[in-house]
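Lettering of chains follows the sequences in order, A, B, ..., and the numbering in each one begins at 1.
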Protein chains: 2
Amino acid sequence: MSCYMEERIEKIREQLHNRSYKLTPQREATLRVLLENEEDHLTAEDVYLLVRDKSPDIGLATVYRTLELMSDLSIIHKINFGDGVSRYEFRDEDAEHHHHHLICVQCGSVNEIHEDLLGEVEKSVSSNFHFKILDHRLTFHGICQKCQEAAEQNGTPVVKKANISG
Amino acid sequence: MSCYMEERIEKIREQLHNRSYKLTPQREATLRVLLENEEDHLTAEDVYLLVRDKSPDIGLATVYRTLELMSDLSIIHKINFGDGVSRYEFRDEDAEHHHHHLICVQCGSVNEIHEDLLGEVEKSVSSNFHFKILDHRLTFHGICQKCQEAAEQNGTPVVKKANISG
DNA sequence: ATCGATGCAAAGTGTTTGCAAGCCG
DNA sequence: CGGCTTGCAAACACTTTGCATCGAT
């Protein structure tokens with residue numbers, strides 16, 4: 001895992017150099033946080049706080065600038081669940097296109113679906129609407145398994161955490 | 001159309017009264033703007049400017065409060081295309097659930113798809129992930145027919161608008 | 001010496017809130 | 001009267017920007 005991470009960092013260093021950007025310590029620290037939390041969907045603030053644990057002198061603006069840059073270079077993905085905050089995650093190298101989110105309106109948890117659910121749907125949209133699809137966003141809002149179970153047992157939701165709404 | 005609009009306004013007035021809210025002149029003006037621009041996806045600012053044409057003394061905060069209220073009552077829908085601004089549109093009375101957006105990254109146009117594309121997908125998500133789906137958001141980002149045609153003819157996009165708006 | 005990258009603070013956006021005044025049953 | 005509504009301005013949360021400084025060519 002650690003080795004895998006070094007690999008990815010090196011690859012990104014190259015990508016940056018090829019476009020005459022530097023992989024500065026701050027940028028590297030930011031990327032490492034993102035890699036270490038690949039399962040989550042961190043906000044800029046989240047990233048900032050985590051980076052600061054290891055590199056206390058980094059500024060929030062730098063984190064924003066780094067995230068923006070990485071996003072422009074398609075190294076990471078900027079996503080938005082409609083709660084007014086941007087979140088960042090690593091782009092799947094292969095299946096970049098086929099990755100959706102399940103947001104629990106009860107506890108705020110976000111889970112991913114990695115299957116390609118939209119192959120057929122995209123085909124029909126392309127041909128029926130003459131729309132050339134480059135990307136898509138699919139999000140389901142609902143109740144996750146945990147909260148359903150909790151509700152069955154005692155009628156109380158697991159946690160009251162988020163208000164990700166549309 | 002005008003008559004249709006009165007009908008809808010009256011219906012909403014009732015809905016509000018049933019929940020002990022009033023359909024004040026400001027709220028009514030806001031709703032009328034939304035109804036008159038049902039095809040668009042207006043931001044709060046858009047709505048504010050349009051309302052002000054007819055009711056110059058309305059405040060932006062009132063527009064926000066009205067939109068929030070109508071959204072809470074599921075009379076309108078608050079949507080978010082990931083550009084950091086909330087947009088509002090009337091909720092389809094019947095097919096509330098099956099309505100997606102095609103956003104052109106070239107000219108910024110937003111078109112709607114009213115077909116239900118996700119019936120099968122939802123079934124498989126529900127059963128595979130034990131996730132109780134309440135709602136979903138599906139957005140395709142790509143190039144609309146117009147921009148494709150323009151590009152074929154002279155390599156130049158139709159408009160450079162950069163912003164996601166109607 | 002150059003030119004990008006950084007940290008800080010200030011400015012910017014879009015949205016929400018506190019509050020005194022207004023309206024209406 | 002008593003509650004919901006309103007307009008205004010101030011507060012807010014998140015993000016971007018200006019600028020002097022730093023650091024690696």
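When DNA chain C is scanned 5' to 3' for any atom under 4.0 Å from a heavy atom of chain B, the first and last hits are dG14(C) to dG18(C).
At a threshold of 4.0 Å, the pair Glu10(A)-Arg13(A) counts as salt-bridged, since one of the basic side-chain nitrogens sits closer than that to a carboxylate oxygen. Here Arg65(A) does not pair with Glu68(A) in a salt bridge; the nearest charged N to carboxylate O distance is not below 4.0 Å. The residues Arg32(B) and Glu28(B) are annotated as salt-bridged, a charged nitrogen and a carboxylate oxygen being separated by less than 4.0 angstrom. One finds a salt bridge joining Glu120(A) and Lys123(A) here, because a Lys/Arg side-chain nitrogen approaches an Asp/Glu carboxylate oxygen to under 4.0 Å.
One atom, CZ of Phe81(A), and another, C1' of dC14(D), lie 17 Å apart when rounded to the nearest Å. Remark: P of dT17(D) and CG of Leu69(A) are 14 Å apart, rounded to the nearest angstrom. Computed from coordinates, the Tyr64(A) OH to dG18(D) C1' distance equals 18 Å when rounded to whole Å. The OH atom of Tyr48(B) sits 14 Å away from the P atom of dT6(D) (whole-angstrom rounding). For the pair Leu60(A) CG and dT17(D) P, the interatomic distance rounds to 14 Å; values are reported in whole Å.
Side-chain contact check for Gln148(B) and His130(A): no donor-acceptor pair (N or O, by modelled atom type) lies under 3.5 Å.
Linking Ile, Leu, Val, Met, Phe, Trp and Tyr whenever their side-chain heavy atoms come within less than 4.5 Å puts Leu50(B) and Tyr48(B) in one cluster.
Across all strands shown, Ser86(A) has heavy atoms under 4.0 Å from sugar-phosphate atoms exclusively, and none from any base. Residue Arg65(A) is in base contact, counting any heavy-atom pair closer than 4.0 Å across all strands shown.
Without hydrogens or angle criteria, Asp72(B) side chain to Leu69(B) main chain gives no donor-acceptor distance under 3.5 Å.
When all heavy atoms are compared, the tightest approach of Ala44(B) to Tyr88(B) is N-CE1, 4.0 Å.
Residue Gly59(B) is the one, among Gly59(B) and Ala61(A), whose nearest nucleotide of DNA chain D lies closer to the 5' end (criterion: closest heavy atom).
Using a 4.0 Å cut-off, no side-chain N or O of Thr62(B) falls inside it from OP1 or OP2 of dT5(D).
Listed candidates were dT6(D), dA9(D), dT15(D). Nearest to the side chain of Gln26(B) is dT6(D).
The stretch residues 15-25 of chain A touches DNA chain C through Tyr21(A), Lys22(A), Thr24(A), each having a heavy atom within less than 4.0 Å of the strand.
The aromatic rings of His99(B) and His114(B) sit parallel to each other, their planes meeting at less than 30°, with 60° as the upper class boundary.
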